[in-house]
Amino acid sequence: MSKYDIIIIGSGLGGLECGAILSKEGYNVCVLEKNEQFGGCFQTYQRKGHLLDTGIHYVGSLDEGQIMSQYFRYFGIMDKLKVRRLDDKAFDRIYYRDHIYDYAMGNTPFVDTLSRAFPEERENLQRYVNLLQEVGDLISVDHLKKGIIAVEGMKYFGMSAAGVIGEIIRNRDLQNVLAGSALLYGGLKEVSTFYQHAMINNSYIEGAYRFVDGSMQVSLELINVIRANGGTVLNESEVTRIFVENEKVQGVEINGEERIESGYVISNVHPQRTLALLDKSRSIKNAYISRINSLENTYGIFTLYLIMKPGSYAYQNRNLYLHGYNDVWYDRKNYPGHVTNCMISMQASSVDEMHADVISILTPMYIDELAEWKDTLPGRRGEAYKLFKQEKARQILEFIRQHGIEFGDAIETMYSTTPLSYRDYTGTTNGSAYGIIKPYKCPQIGFVSTRTKLGNLFLTGQNLNVHGALGVTLTAMITCAEFLGQEYLAKKVGNA
């Protein structure tokens, strides 16, 4: 029977980052992944020799000296990653009401670019980006150097994203343009917090990058770090039970048979799933279990992958957000089952920098659209499921054509994934793309602490703070600070 200092359940970004941090700091860690492939939303899979990214299409704050770059530098992987900086003048392009608007990189260019379309809003746009930066600065490199992982920003969690934009900006079209990339955080008009909106948008305005040849490289480099520091990373090792004895976690069972012991367990899987695996204990009250199980999750994503014929379609070094109605916020109540908005992202390839190889198109979808197949497994969902996906793909391509984007005969073949794919391959509840909702009206409801009432069981991952590469990395830091101390860890990263 194996014994480790710390077992980490799940090899998504949060689990691998915790493994890298703690193994670098001398802990004997073991990361367990149920699937064959590591990486969670950072995994890249292959179809006929083409690389298809699962969930990460671009990442922000990656310029030298910015926060995400600093974290990757501490891990020792920044110089090993193949990345491409997106178009300075238009890293995101918003299609709204028959017009096209660009997000430029850098606060001043961002304001200047949108002010050309909305000159009367220049002063308000400046106020807007200043507020984004105010939130982004809560997790600056300067704070790390002073021993602080993040400055408390609860007031921004209690502010509505749509509400704050509406208070600052008078022009309704510009309000929608500034919310045009809300798909990035599962944005809902009546729910989403300004903290999420600002943290994510500020990071992209700072420095937006794509991974060249797939985001999986981040996962593989972090695994190399863990193993180089004596840690263990195992795939096809599903945790089927978390053992509790004498009100302490003793270890886990994998694949229903083997027991592995540890002094601590960190779960990177959804808190609801974690509690389902956990032995009953007096420390974990029924009220806590009920609260966690009652938390709502964000919507999922239907992704259509277009495999393009070689040299047939020009690569665009930006992301496109297309909107079909007067309100950019996703609203399934009024348009159930309809494609009302989508994001188009072209994967960067080192083989041909001038032409697109794989184009990913993402549109929101709740898992209840797939109720007919909810009890099925990948590859065994039947012909009706394939027909459903084909019809959704047809709708998406028609929606795109209405915005003047035509792929013609440049498409070689198509693949697609649904929230069921997310559920089965990344372990997310109901195939949610962004985890637990933190509603601005009562943000405390959606917060889950990295600590549990069992002294040696900890949580990490996108469900605890903010999702996405930056939010998950921040949460991994907070989880690891429980072992290493905030000041020590923050200074170690800040001075890397």
Side-chain angles (χ1 to χ4, degrees), residues 12-14 40-42 54-60 92 94 135 156-157 159-165 176 178-204 270-272 295-303 319 321-323 327-336 338-343 345 360-370 417-423 426-443 445-448 461-472 474-475:
L13 181 65
C41 287
F42 262 82
T54 299
I56 297 295
H57 300 282
Y58 60 140
V59 65
D92 280 348
I94 312 297
V135 176
Y156 301 107
F157 274 104
M159 295 160 65
S160 157
V164 171
I165 294 170
N176 277 283
L178 295 176
S181 60
L183 178 60
L184 278 172
Y185 52 89
L188 294 171
K189 190 171 189 176
E190 304 302 322
V191 173
S192 296
T193 73
F194 186 69
Y195 184 96
Q196 289 174 302
H197 175 89
M199 192 63 74
I200 290 167
N201 279 280
N202 180 72
S203 76
Y204 288 124
H270 197 291
Q272 292 170 355
L295 295 174
E296 283 190 73
N297 291 277
T298 58
Y299 50 70
I301 295 290
F302 182 97
T303 305
N319 305 290
Y321 290 88
L322 280 54
H323 301 283
D327 198 330
V328 301
W329 298 92
Y330 180 55
D331 176 14
R332 72 163 171 172
K333 290 178 186 173
N334 292 327
Y335 309 102
H338 288 248
V339 177
T340 59
N341 50 27
C342 71
M343 170 195 177
S345 184
S360 303
I361 309 172
L362 291 72
T363 192
M365 177 183 283
Y366 283 92
I367 203 166
D368 55 14
E369 275 195 64
L370 304 154
T417 60
T418 72
L420 289 176
S421 318
Y422 266 76
R423 181 196 70 183
T426 69
T428 59
T429 298
N430 294 330
S432 164
Y434 309 110
I436 291 170
I437 289 173
K438 286 92 179 167
Y440 78 86
K441 290 176 184 173
C442 199
I445 286 178
F447 277 110
V448 180
Q462 71 169 2
N463 294 286
L464 276 65
N465 187 11
V466 178
H467 70 274
L470 185 54
V472 168
L474 174 62
T475 302

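No experiment lies behind these values; they were computed from the predicted model shown.
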Hey, mind stepping through Ile436 and Val448 against side chain to side chain contact (heavy atoms under 4.5 Å, CB included) and telling me if it holds?
CA-CA 9 Å; Ile436 291 170; Val448 180; 4.1 Å; yes

Side-chain ([X]) to main-chain ([Y]) donor-acceptor, under 3.5 angstrom:
X      : Y      : value
Tyr422 : Cys41  : no
Lys438 : Asn463 : yes
Thr363 : Asn341 : yes

Could you report the tightest heavy-atom contact between [X] and [Y], atom names first, then the distance?
X      : Y      : result
Pro364 : Leu183 : CG-CD1, 3.6 Å
His197 : Leu178 : CE1-O, 3.3 Å
Ser360 : Thr303 : CB-CG2, 4.4 Å
Tyr204 : Val59  : CE2-C, 3.5 Å
Ile94  : Gly180 : CD1-C, 3.9 Å
Leu370 : Pro419 : CD1-CD, 3.6 Å

Would you say [X] and [Y] make side-chain contact, with heavy atoms under 4.5 Å?
X      : Y      : value
Asp327 : Lys189 : yes
Thr340 : Asp331 : no
Tyr321 : Leu184 : yes

On the ring face of Tyr366, is Arg332 found with NZ or CZ under 6.0 Å from the centre and within 45° of the axis?
yes

Approximate separation, where rounding is to 0.5 Å, of [X] [atom1] and [Y] [atom2]:
X      : Y      : atom1 : atom2 : value
Arg423 : His270 : CZ    : NE2   : 14.0 Å
Thr475 : Leu470 : OG1   : CG    : 9.5 Å
Met365 : Thr418 : CE    : OG1   : 7.0 Å
Ile361 : Met343 : CD1   : CE    : 11.0 Å
Leu420 : Asn430 : CG    : CG    : 10.0 Å
Ser345 : Leu362 : OG    : CG    : 8.0 Å

Worked verdict on Thr428 versus Asn297 for side chain to side chain contact (heavy atoms under 4.5 Å, CB included)
CA-CA 9 Å; Thr428 59; Asn297 291 277; over 6 Å; no

Who are the side chain to side chain contact (heavy atoms under 4.5 Å, CB included) partners of Thr298, not counting sequence neighbours?
Ser432, Tyr434, Ile437

Are His467 and Tyr185 close enough that their ring centers fall under 6.0 Å?
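Centroid distance His467-Tyr185: not below 6.0 Å, so no.
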
Please report whether the ring centroid of Phe194 lies less than 6.0 Å from that of Tyr440.
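Here the rings of Phe194 and Tyr440 have centres that are no less than 6.0 Å from each other.
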
Relative to each other, are the rings of Tyr330 and Tyr299 parallel, tilted or perpendicular (30° and 60° limits)?
perpendicular

